[in-house]
Structures are given as C-alpha cells and as structure tokens.
**Q** 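Below: one structure in structure tokens.
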2 protein chains.
Amino acid sequence: MMHDEVVSRLRHVLTEGEIPPGARIPERELCASFAISRTPLREALKVLAAEGLVVLLPNRGSRAAKLTRKDVKELFEVCEALEAAAGELACPRISDAQLREIAELQASMVEHYRAQDLLSYYRCNRLIHEAIVRAADNAVLAGFYESIAARIRRARFITPMSPEHWTLAIQEHEGILNALQRRDAGGLAHILRNHLRRKREEVVRAGFAEGE
Amino acid sequence: MMHDEVVSRLRHVLTEGEIPPGARIPERELCASFAISRTPLREALKVLAAEGLVVLLPNRGSRAAKLTRKDVKELFEVCEALEAAAGELACPRISDAQLREIAELQASMVEHYRAQDLLSYYRCNRLIHEAIVRAADNAVLAGFYESIAARIRRARFITPMSPEHWTLAIQEHEGILNALQRRDAGGLAHILRNHLRRKREEVVRAGFAEGE
DNA sequence: TGGAACCATTTTGAATGCAAAAATGATCTA
DNA sequence: TAGATCATTTTTGCATTCAAAATGGTTCCA
C-alpha cells in the first residue's frame with residue numbers, strides 16, 4: 001500500500017468519526033485492519049499530527065484531536081480567509097463547464113433542501129465549496145482548505161441545523177452562484193465570508209465543545 | 001531527540017539552503033549528522049513532504065522540492081490571503097507591548113535600510129511579519145503562515161532587491177505600522193496585500209525559476 | 001482497610017534486519 | 001567504439017526486534 005493511501009485512509013477513519021475525538025488511536029488494531037506494520041502507520045500518524053488531526057503524547061501514544069472552542073474559532077477564521085481568497089481567484093479563472101457543474105450542484109442541493117434531506121444537502125454543499133476551491137486553480141490553497149475542512153467537518157457533523165439557518169444558507173448559496181456567474185470577485189468574497197461566519201456561529205451556538 | 005526537533009532541524013537544513021532545491025536528500029548522512037536511525041528521519045521526511053518542502057519519489061528516495069513558477073504564484077496568492085487575514089485579526093487583538101515591539105523592529109529595519117545592510121533588513125522584515133501573525137493570536141493561521149513562509153523564503157533569498165523596490169517596501173512598512181496603530185483592519189489588509197503582491201512581482205521578475 | 005511499593009505486562013519509540021527495487025558498472029556483441 | 005544486457009551493489013520501504021517507559025495488578029505494611 002502506498003504511503004499516501006495510508007494517510008488518506010487514516011484521515012478518513014478520523015474524520016468520518018469511527019474514532020471519536022479524544023479517543024486513543026489503537027495502533028495495533030489499525031495495523032491489522034490496514035494489513036501493514038507499525039512503521040508506515042506511525043509515519044502516517046506523524047503526518048496527521050502535523051495536520052492537527054492527531055495529538056501525539058510522548059510515550060503515551062496518540063489520540064484523535066479534540067476540537068476546543070478556540071480551535072473551532074481559529075479554524076473558521078482561517079477557513080473564511082481561504083474560501084474568500086478561493087472565490088476571488090476563481091472568478092476570473094472558472095471555466096464555463098465548472099460554472100455549469102456548480103449550477104447543477106446548486107440545483108440538486110435545493111432539491112435536497114426541499115426534501116429536507118440533510119445528509120444529501122451537506123454532501124452537495126461540500127461539493128460546491130470544493131468546486132469553488134478547485135476553480136481557483138491553486139494547489140497550495142486547495143491543500144490547506146482540505147486540511148481545514150477535514151478538521152471542521154467533524155464539528156459540523158454533530159451540529160443540528162435550525163430551519164431558519166437552513167433557509168438562509170440556501171439564500172446565501174444563490175448569492176454565491178450569482179456572484180460567480182457575474183465573475184464578481186469582490187462580491188463573492190464578501191458573501192463567502194458572511195456565509196462562513198454564519199456557519200461558524202451555528203456551530204458555536206450548537207453548544208459545541210469537545211473539551212478544552 | 002524529540003520527533004518535532006528532528007522535523008525542525010531537517011526543515012532548517014532545507015530552508016536555509018544547505019541542500020539546494022532539487023537535490024537528493026542524503027538519508028544516511030543526515031542520520032549520521034543527527035545521530036539517529038533511519039526510522040525517525042523518514043518520519044520527519046514524510047511530514048515535510050506533506051508540507052511541500054520535500055518530494056518523495058516512490059522507490060527513488062526524496063529530494064528537496066523545487067519551486068516552479070506556478071508554485072511561487074500559488075504560494076504568494078495564499079500568503080497574501082493569510083497575511084491580510086492576520087492583519088485584520090491582529091488590529092483588534094494586538095497589545096500595546098506587541099505594538100511597541102513592532103515599532104521598534106520597524107525603526108531598526110529603517111536603520112538597516114539606511115546602512116544598506118540587506119541581510120539585517122530581511123531579518124527585521126521577517127520578524128515584523130511574524131509579529132503581526134503572532135498578534136492575530138491564531139495558531140492555525142500561524143502554522144500555515146510558517147509553512148508558506150518557509151517555502152517562499154528560499155525563493156526570496158536568491159532574489160536581489162532593486163533600490164526603488166527597497167525604498168517602496170520601506171514606505172509600505174510605514175503604512176503597515178500606521179494602520180496597526182490606528183487599528184485600521186481593512187486598511188492594513190489592503191496594504192499587506194499590495195505589499196505581498198509587489199514582493200511577488202519582485203521575485204518573479206528576478207527571473208526566478210528553479211525548473212518546472 | 002487504605003495506601004504505598006514492587007513487579008509483571010503492555011505499549012511506545014527507535015534501531016536493525018530483510019526483501020524488493022533501482023542504480024551502477026562490467027562484459028559482450030555488432 | 002557504441003550500445004545492450006546482465007550481474008553486483010546500493011538504496012528504499014517495511015517488518016521485526018529491542019530497550020525504555022508507562023500501565024496495571026498484587027502484595028505488604030501501617
């Protein structure tokens with residue numbers, strides 16, 4: 001198995017919640033389940049520790065990182081800056097095909113909203129944001145965004161969504177698509193910032209705390 | 001030796017130019033010079049590969065990453081967003097002591113400019129930018145900034161600086177300090193963006209290319 | 001009975017060993 | 001002599017091993 005694949009799989013295990021935040025990471029079990037030895041697994045753990053998904057306690061093993069309130073605040077602050085930058089860069093760079101793709105995603109997202117299908121809604125939402133970042137055509141930015149998003153995702157997963165927020169989020173997304181289509185970089189950046197700020201409040205309000 | 005220390009030392013070896021970009025990383029030599037075995041060194045290599053300082057070629061060892069023109073462009077684009085965000089966040093958060101510290105750094109930087117001491121100037125410049133990021137009080141942002149700056153630094157080190165650019169940079173820094181003192185978040189973000197954009201042009205103009 | 005001290009077990013972090021892949025270079029052929 | 005082929009050496013990636021540290025449990029004594 002490729003090194004990057006181990007990192008990806010481990011990241012998936014951590015982000016998609018199979019190991020809850022704060023829990024010990026069972027080195028031996030994961031070795032068995034990935035069918036690799038401790039060496040490559042430990043390499044992957046160090047990489048994810050550098051990313052902030054894992055905390056390494058010297059001589060006491062590794063744990064899935066907990067998100068403190070401050071972490072959430074910091075992650076959202078940076079995410080805001082990155083998404084706004086992505087939006088600004090995407091406006092002049094986005095292709096018509098990419099624009100169509102986002103419009104389609106937007107349409108199905110609205111469908112899921114109508115059907116009150118939260119999970120499918122989240123999936124579309126995520127795909128749209130990722131598509132915007134991709135349209136910015138900046139690998140460094142995309143990497144950082146992925147890393148931030150992975151950490152935030154866990155927090156968002158556990159927050160319920162109030163009907164008002166949901167409606168508002170849909171409206172904001174209309175604005176995002178609109179700004180993209182008009183190639184209004186400044187406007188898009190502004191909307192994305194507000195969008196993120198609201199999401200952040202939502203997460204924080206949801207009484208979010210995994211411990212400090 | 002602590003794991004993080006190996007990463008730091010290796011990062012230093014790579015960024016401060018002891019191993020030129022594109023060069024093979026001599027695993028055995030580094031093991032000897034750090035007095036460690038291959039396992040912890042390889043762990044550090046994977047971490048730095050995730051950071052983008054090292055490229056791992058499967059079964060063909062690791063090399064110090066080369067910066068292509070596109071890399072430089074991408075790094076500066078992200079750096080712009082991060083520094084602007086840092087400036088915005090720093091304005092309401094910066095303490096008087098931190099402000100004084102930056103003012104002092106600014107003063108000695110001007111001194112070095114007068115003395116045409118480029119190296120000392122660079123050092124002060126770097127410390128100022130780092131101080132602003134620190135004042136933003138956001139560990140995630142600081143981590144990303146450090147990672148970006150480490151990669152950019154090598155490019156900047158090899159670019160000479162024209163007298164006009166240097167004078168302009170000094171002027172921009174006056175503006176930066178001024179905006180900080182006035183706690184003008186928007187203004188500071190704007191100046192930092194321009195400042196970075198100019199630095200980027202400088203680097204690109206310097207015929208920068210380590211290869212594609 | 002409560003707690004401290006001690007020992008066995010487990011876990012961690014790093015060195016070493018081993019098999020597979022790549023680089024090197026020596027030989028052979030046209 | 002140039003190029004190809006194959007054996008040798010080196011390097012890489014991973015599994016295993018080993019020492020040190022932490023954990024857990026038991027015993028012993030106040």
**Q** To the nearest 0.5 Å, tell me how far A:Leu105 CG sits from A:Met109 CE.
**A**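 The CG atom of A:Leu105 sits 9.0 Å away from the CE atom of A:Met109.
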
**Q** So which one's nearest nucleotide on DNA chain D is more toward 5', A:Pro58 or A:Ile36?
**A**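 Checking each residue's closest nucleotide, the 5'-ward one belongs to A:Ile36.
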
**Q** Please report, rounded to the nearest Å, how far the P atom of C:dA20 is from the CG atom of B:Asn59.
**A**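 Nearest whole value for this atom pair: 13 Å.
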
**Q** Find the distance A:Leu57:CG to D:dA22:P and express it as a whole number of Å.
**A**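 These atoms are roughly 12 Å apart.
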
**Q** Quick one: B:Arg63 CZ to D:dT11 P, roughly how many Å, whole number?
**A**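 It works out to 13 Å between those atoms.
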
**Q** What is the separation between atom CG on A:Asp4 and atom C1' on D:dC14, rounded to the nearest whole Å?
**A**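 Distance check: A:Asp4 CG to D:dC14 C1' gives 16 Å.
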
**Q** Under 6.0 Å between ring centres: does that hold for B:Tyr121 and B:Tyr113?
**A**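 Ring centroids of B:Tyr121 and B:Tyr113 are no less than 6.0 Å from each other.
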
**Q** Could you check how far CZ of A:Phe34 sits from C1' of D:dC14, rounded to whole Å?
**A**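 About 16 Å, once rounded to whole Å.
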
**Q** Which nucleotide in the set D:dT12, D:dC14, C:dT11 lies at the smallest distance from any side-chain heavy atom of A:Arg28?
**A**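 Among D:dT12, D:dC14, C:dT11, the one nearest the side chain of A:Arg28 is C:dT11.
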
**Q** When you look at CZ of A:Arg60, are more than 12 heavy atoms from neighbouring residues, nucleotides or ligands closer to it than 6.0 Å?
**A** no

**Q** Within the modelled atom types, does a donor on one side and an acceptor on the other bring the side chain of B:Ser37 and the base of C:dA14 under 3.5 Å apart?
**A** no

**Q** Give the rounded distance in Å between these two atoms: CD of A:Glu27 and C1' of D:dA15.
**A** 14 Å

**Q** Base, sugar-phosphate alone, or nothing: which one does A:Leu56 contact when heavy atoms must sit under 4.0 Å apart?
**A** nothing

**Q** Whole angstroms only, please: what is the CE-C1' distance between A:Met2 and D:dG13?
**A** 11 Å

**Q** Can you tell which of C:dA14, C:dA15, D:dT12 lies closest to the side chain of B:Arg24?
**A**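 Of the candidates, D:dT12 comes closest.
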
**Q** Between the base of C:dG13 and the side chain of A:Arg38, is there a donor and acceptor pair under 3.5 angstrom?
**A**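 Answer is yes: a donor-acceptor pair is held.
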
**Q** Using the side-chain heavy atoms of A:Glu43, tell me which of these nucleotides is nearest: D:dA22, D:dC14, C:dT16.
**A** D:dC14

**Q** I'd like a table of donor-acceptor pairs (distance under 3.5 Å, sequence neighbours excluded) in which one partner is a side-chain atom from residues 132-141 of chain B, with atom names and distances.
**A**
residue, atom, partner, partner atom, Å
B:Asn138, OD1, B:Val140, N, 3.0
B:Asn138, OD1, B:Leu141, N, 2.8
B:Asn138, ND2, A:Glu74, O, 3.2
B:Asn138, ND2, A:Glu77, OE1, 2.8

**Q** What is the distance, to the nearest angstrom, from the CD atom on B:Glu29 to the P atom on D:dT10?
**A** 15 Å

**Q** Of B:Arg60 and B:His3, whose closest DNA chain C nucleotide lies nearer the 5' terminus?
**A**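 Going by which nucleotide is closer to the 5' end, it is B:His3.
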
**Q** Tell me which one of A:Arg11, A:Lys46, A:Arg151 satisfies side chain to side chain donor-acceptor pair (under 3.5 Å) with A:Glu51.
**A**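 Passing option: A:Arg11.
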
